[in-house]
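Indexing begins at 1, ligand by ligand and atom by atom, following the structure's order. When reading the values below, keep in mind they use all heavy atoms of this one structure, side chains included, and skip hydrogens, waters and symmetry mates.
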Amino acid sequence: MVPTTPLSHSQALKAASHSTHERLDHRIMRAQPFAELANYGRFLQMQWRFHTDIAALFERADLALLLPDLWERQRLREIERDLADLNLAPPAPGAQPPALQAQQATLPEALGWFYVAEGSNLGAALLFKAAANLGLDERRGARHLAGHPEGRLRHWRGFTDMLDAQPLTAADQDSMAAGARAAFERVHHHVDMLLA
Ligand code: HEM
């Protein structure tokens, strides 16, 4: 028998969220966000809603201890600048109450939510290229999709290395997977509202 190596935390989250991610990816692409600026505007609003949901995560002292560059990982400001670049009004303050589940998350749940936010920056490589069709780039309109200066993959590994090193109980791992699934569900909800 071939011995199986247990999955790392990040691999387990990827496996646990594979089908919801694939469904999300198809739903977003079906809305043709890069076919015209009006569609891209709705995509930006969707991104704004999700990143507003998770804004509280970037204020957490427990996450900051694990990720010293926590604050720099936030992309909400870039999304707001992208909206402004396209003369799209940013949603009014308080337009959407942030997701309570993200605000009240335990640390393992918060790690699951954070996994989804950070991972979305990997797939953003494809979206960034597609945004060039609309004449958008890291200086205008697609700032929040741009790669990190040190490289997307390296930046992602900074997160997964930290995640994989966490001593989590089986119950913690379940909570983390539940956090990731809740985050994806929340993005599906925004797609229902804005792109469906
Ligand atoms: C049309 C939209 C999307 C496409 C085409 C897409 C595509 C991809 C691709 C190709 C990867 C793998 C990148 C790599 O391994 O180098 C990826 C990773 C990931 N994406 Fe998406 N994505 C999309 C939207 C999203 C959204 C909206 C979210 C969540 C808010 C998300 C969450 C993730 C996560 C968590 C990963 C990391 C998976 C892992 O553990 O390796 N994606 N995406």
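Residues with a heavy atom under 4.0 Å from ligand 1: Lys14, His21, Leu24, Asp25, Ile28, Met29, Phe50, Tyr115, Val116, Gly119, Ser120, Leu122, Gly123, Leu126, Leu127, Trp156, Phe184, Val187.
Salt-bridge formation is detected for the pair Arg27/Asp192: a Lys NZ or Arg NE/NH1/NH2 atom is positioned less than 4.0 Å from an Asp or Glu carboxylate oxygen. Salt bridge absent: Arg140 and Asp82 never bring a charged side-chain N and a carboxylate O closer than 4.0 Å. Electrostatic pairing of Arg73 and Asp69 counts as a salt bridge here, judged by a charged N lying under 4.0 Å from a carboxylate O.
Within a 6.0 Å sphere centred on CZ of Arg81, heavy atoms belonging to other residues, nucleotides or ligands number 12 at most. Enclosure of atom CZ in Arg154 is not indicated, since only 12 or fewer non-hydrogen atoms of other residues, nucleotides or ligands lie within 6.0 angstrom.
Under the 3.5 Å distance criterion, with hydrogens and angles disregarded, no donor-acceptor pair is assigned to the side chains of Asn121 and His144.
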